[in-house]
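Structure first, commentary second.
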Amino acid sequence: MTTGYVWEEIYGWHNTGNSAGAAPAGLNAQPYEHFESADSKIRLASAIEVSGLSKILKRIPAIQASVEDISLVHPKEYIDRIKRDSATPFGGDAGDGLSPFGTGSYEIALWAAGGAIAATKAVVSGEVTNAYALIRPPGHHARVETGMGFCIFANAAIAIRYAQKHLGVKRVVVIDWDVHHGNGTQSIFYADPNVLTISIHQDGLFPPDSGHVTEQGEGAGDGYAINVPLPAGSGNGAYKKALEEIAFPAIEKFKPELIVVCCGFDAAMTDPLGRMIVTATGYREMTAALKKVAEKVCGGKIVMTHEGGYSPTYVPFCGLAVIETLAGVETEMKDALAEFWDVLPDQKLHDWQEERIQAVKSQLTFLKEVGKGQ
Ligand code: 9RB
Ligand code: ZN
């Protein structure tokens, strides 16, 4: 069993510039770093080296995705616009005014999508059992015609379309446990019954008015989108329950050939953008449980693509926990905060969280309809 790992130094060079976090900086707010800076990613990559984990992983070199690859999801006009703005000294914005990028980010975004493709190729070919693509800029908010929410190209969706076109893969499940709704990925596959998208997110966080239980797909894809909006404050118990009650039965019913995880760490404690309290231990358990399901349905084939997660000090512990678990090892680099945060009373599943999960489950046509997805 081998775990693949993608990381390229150039991902750290994607420049989101100055803002006051996510808000614009100016006379109203003193300029500071943008939340989606390179810090949490660079520090995770560093922890992977210093812990010794990188010696156990199989390093997969990213490729730069071609325009043809990106065109599997995005129209030429959008790709051209990003290329043009990225070539200017000031860069541009991917589309929603919240997704700034600097000079050269077009090429870096090609490397990010190509990192997801390379990881997918390695898993599908059997070169590795599973893989983690630590890529940047993120992708799960990017829609066909536009970037949004710090995302430029839809990395995971592009890799899935690539696998369908070139690698003989047909049926894929995307599970998105970033704290925000995976709206971009969902919209790309909304009418597609071959890709089941599952997003577990903080209810109503971002994008606004998105990720409701009622969004379940359309046309031939009706039933093949699942949304689990959890109340703010959810922790390890609620996330574990959402996986066990909804995501895992859906995966077992759908029987994918490959599972793609849009892996954000912004549902973690101390994330500045999320209000959840998942710990590194929680991420470790979620990954271990998912691995078991994947072994049952698709030979353990899991590709994870990195999404959000903005705590520079805690993301490394969470990322290590996930990648160690994918690889079936534990390093000596331990979450120093586990003794405080794993035992918070709110890590236990609360009644209102369980009620929400059961209410979501009861509304999902995919889990209701016998025979669908077979
Ligand atoms: C602003 C708004 C946000 C808030 C959160 C994200 C998270 C992305 C992520 C992106 C943009 C709105 C500043 C709405 O981590 N995805 O995984 N921006 N939010 N209006 N305004 C003015
Ligand atoms: Zn996020």
Side-chain angles (χ1 to χ4, degrees), residues 11 14 16-41 44 93-101 105 109 112-113 116 133-143 146-157 174-188 197-211 227-230 232 234 239 242 260-278 282-283 286 304-312 314-315 318-319 322:
Y11 296 145
H14 165 54
T16 48
N18 292 123
S19 322
L27 293 180
N28 187 56
Q30 184 181 358
Y32 188 64
E33 271 198 353
H34 190 276
F35 276 137
E36 206 294 293
S37 76
D39 292 358
S40 60
K41 274 67 63 165
L44 171 53
D93 185 281
D96 61 351
L98 304 169
S99 310
F101 61 79
S105 282
L134 178 50
I135 54 179
R136 179 171 175 266
H140 73 147
H141 295 306
R143 300 167 59 89
T146 182
M148 70 183 283
F150 317 158
C151 302
I152 300 180
F153 297 137
N155 305 318
V174 183
I175 163 153
D176 185 322
W177 64 41
D178 185 281
V179 80
H180 303 98
H181 178 222
N183 66 298
T185 322
Q186 172 180 292
S187 69
I188 291 159
T197 61
I198 305 169
S199 178
I200 304 172
H201 45 267
Q202 184 183 323
D203 193 1
L205 185 59
F206 184 86
D209 197 23
S210 184
N227 284 292
V228 189
L230 293 176
S234 295
Y239 270 80
V260 174
V261 180
C262 285
C263 183
F265 294 109
D266 40 16
M269 279 294 286
T270 69
D271 189 276
L273 283 176
R275 284 298 169 267
M276 303 305 215
I277 60 165
V278 177
Y283 284 107
M286 286 157 63
M304 296 203 181
T305 64
H306 195 90
E307 300 290 350
Y310 308 103
S311 165
Y314 201 54
V315 165
C318 298
V322 164

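Just so you know, ligand 1 is whichever comes first in the structure, and atom 1 is the first atom listed for that ligand. Hydrogens, waters and symmetry mates are skipped; everything else that's a heavy atom, side chains included, is used. These figures come from a predicted structure and were not determined experimentally.
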[atom]: which protein heavy atom is closest, and how many Å away?
{"atom": "atom 9 (C) of ligand 1", "value": "H180 ND1, 3.1 Å"}
{"atom": "atom 15 (O) of ligand 1", "value": "Y310 OH, 2.5 Å"}
{"atom": "atom 6 (C) of ligand 1", "value": "F150 CZ, 3.6 Å"}
{"atom": "atom 4 (C) of ligand 1", "value": "F206 CD1, 3.8 Å"}
{"atom": "atom 18 (N) of ligand 1", "value": "L98 CD1, 3.5 Å"}
{"atom": "atom 16 (N) of ligand 1", "value": "H141 NE2, 2.7 Å"}

Could you tell me which atoms of ligand 1, counted from 1 in the order shown, lie closer than 4.0 angstrom to a heavy atom of [X]?
{"X": "D178", "answer": "16 (N), 17 (O)"}
{"X": "G149", "answer": "8 (C), 10 (C)"}
{"X": "A22", "answer": "13 (C)"}

Got a second to check how far [X]'s [atom1] is from [Y]'s [atom2], nearest 0.5 Å?
{"X": "N155", "Y": "T185", "atom1": "CG", "atom2": "OG1", "value": "9.0 Å"}
{"X": "S187", "Y": "H141", "atom1": "OG", "atom2": "NE2", "value": "11.5 Å"}
{"X": "D96", "Y": "F150", "atom1": "CG", "atom2": "CZ", "value": "8.5 Å"}

Taking just the N, O or S atoms of D178, which one is nearest to the Zn ion (ligand 2)?
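The D178 atom nearest to the Zn ion (ligand 2), restricting to N, O or S, is OD1.
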Name of the D266 atom (N/O/S only) found closest to the Zn ion (ligand 2):
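In D266, the N, O or S atom with the shortest distance to the Zn ion (ligand 2) is OD2.
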Check if G264 has a non-hydrogen atom at a distance under 4.0 Å from any atom of ligand 1.
no
Applying a strict 4.0 Å limit to heavy atoms, is P138 in contact with ligand 1?
no
Going by the 4.0 angstrom heavy-atom rule, the piece of D266 near ligand 1 is side chain
Pick one: which of H14, E36, H306 meets side chain to side chain donor-acceptor pair (under 3.5 Å) with K41?
E36
Give the intermediate values and the outcome of side chain to side chain contact (heavy atoms under 4.5 Å, CB included) for residues Y239 and I200.
CA-CA 8 Å; Y239 270 80; I200 304 172; 3.8 Å; yes
So, does [X] use its side chain to make a donor-acceptor pair with the main chain of [Y] at under 3.5 Å?
{"X": "E307", "Y": "G139", "value": "yes"}
{"X": "N18", "Y": "Y32", "value": "yes"}
{"X": "D178", "Y": "G308", "value": "yes"}

Considering H201, H181, H140 one by one, which has a heavy atom nearer to atom 17 (O) of ligand 1 than any of the others?
H140
Examine all N, O or S atoms of H180, backbone included, and report whether one is under 2.8 Å from the Zn ion (ligand 2).
yes
Consider only side-chain N and O atoms of N227 and Q186, and report whether a donor and an acceptor are under 3.5 Å apart.
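Yes, side-chain donor-acceptor contact under 3.5 Å.
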Aromatic plane relationship, F206 with H180 - under 30° parallel, 30 to 60° tilted, over 60° perpendicular:
perpendicular
